[in-house]
Amino acid sequence: PPLGVLVGGVKLYLESRAGPLRARSVFEPPPQAEGVFGLEATCSFDWEPGGSADPFALDAGPGNAAAPLSIGIQGKIVWRLDQRLVAGMAQRKQPVEGLRIGKSECFLKVAVPGPAAARANSIRVRLLRGEAVLSEKTFWTEPGLDLAETFVLEVPAGAGQGGERHGHEH
């Protein structure tokens, strides 16, 4: 008899519930950051388009040289810096898409060209909203080695609210 009561209770429960249980996701990605964001990179080395970071690399022809610096956000490359670099002079990419409110995982790849590769070099990356600096990181290369780093950029809640959108690049 006690087994019959147990089976009857389970049957009643199964018939009375609204429907099959469904798995639901408890992870919701943070909202996309709104506003005009930019990245700024300042390197301690010079680079000229048409040159190669690797003196033994095949000549890829004009306009096809490897960029010395690439930055990605959430697994997608958002900036390949392929214009002339002057040591100490900031280069800017604006607007930058793919940022979320909160933390965004980013990566940086740097191939220091020519004689500059024989020494340690620095690369400063800044996240901007307009002219305001939201985040800043400085990376150092080891002599003779390329740099590949992951890092986190954080967009505070409210940092992009009410911003205008401009579709140009500097």
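None of these values were measured; they are calculated from a predicted model. FYI, side chains are in, hydrogens and waters are out, and symmetry mates aren't considered; it's all heavy atoms of this structure.
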Do Leu127 and Leu99 pass the side-chain contact (heavy atoms from CB on, under 4.5 Å) test, and can you show the C-alpha distance, the side-chain angles, and the key distance before you say yes or no? CA-CA 10 Å; Leu127 173 64; Leu99 290 166; 3.5 Å; yes
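- Judged by distance alone, the side chain of Asn121 and the main-chain N or O of Ala116 form a donor-acceptor pair under 3.5 Å.
- Here the straight-line distance linking atom CZ of Arg92 with atom CH2 of Trp79 works out to 9.5 Å at 0.5 Å rounding.
- Closest non-hydrogen pair, Pro143 versus Ala118, comes out as CB-O, 3.4 Å.
- Transitive grouping of hydrophobic side chains (ILVMFWY, heavy atoms separated by less than 4.5 Å) brings Val125 and Val110 into a common cluster.
- Residues Leu153 and Leu81 fall within the same hydrophobic cluster, defined by Ile, Leu, Val, Met, Phe, Trp and Tyr side chains chained together at heavy-atom separations under 4.5 Å.
- Contact detail for Cys43 and Leu85: the closest heavy-atom pair is SG-CD1, 4.2 Å.
- Note: the hydrophobic cluster containing Leu145 does not contain Trp140 (ILVMFWY, side chain heavy atoms under 4.5 Å, direct or indirect links).
- Other residues, nucleotides and ligands contribute at most 12 non-hydrogen atoms within 6.0 Å of the CD atom of Glu142.
- Rounding to the nearest 0.5 angstrom, the gap separating the CG atom in Leu69 from the CG atom in Leu108 is 5.5 Å.
- The CZ atom of Arg84 sits 7.0 Å away from atom CG of Asp46, with the distance rounded to the nearest 0.5 Å.
- Side-chain atoms of Gln74 come within 3.5 Å of backbone N or O of Glu105 as a donor-acceptor pair.
- Of all non-hydrogen atoms in Glu97 and Val78, the two that sit nearest each other are O-CG1, 3.7 Å.
- In this structure, CD on Glu149 lies 12.5 Å from CD1 on Ile71, to the nearest 0.5 angstrom.
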Stepwise side-chain contact (heavy atoms from CB on, under 4.5 Å) test for Glu136 and Glu40: CA-CA 9 Å; Glu136 179 174 330; Glu40 185 179 88; over 6 Å; no
Run the numbers on Phe37 and Leu134 for side-chain contact (heavy atoms from CB on, under 4.5 Å), then give the verdict. CA-CA 9 Å; Phe37 294 92; Leu134 297 178; 3.5 Å; yes
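- Hydrophobic clustering of Ile, Leu, Val, Met, Phe, Trp and Tyr side chains at less than 4.5 Å, counting indirect connections, keeps Phe107 apart from Leu39.
- Hydrophobic clustering (ILVMFWY, side-chain heavy atoms < 4.5 Å, transitive): Val36 and Val133 are in distinct clusters.
- Within the structure, ring pair (Phe, Tyr, Trp, His ring centres under 6.0 Å) contacts touching residues 114-136 (residues at least two apart or in different chains) do not occur.
- Considering every non-hydrogen atom in both Ser104 and Gly98, the closest pair reads OG-O, 4.4 Å.
- With rounding to the nearest 0.5 Å, the separation of CZ in Arg100 from CD1 in Ile73 is 11.5 Å.
- Taking every heavy atom of both residues into account, Ser44 and Ser122 meet most closely at OG-N, 2.8 Å.
- Taking CG of Leu147 as the reference point, atom NZ of Lys109 lies at 10.5 Å (rounded to 0.5 Å).
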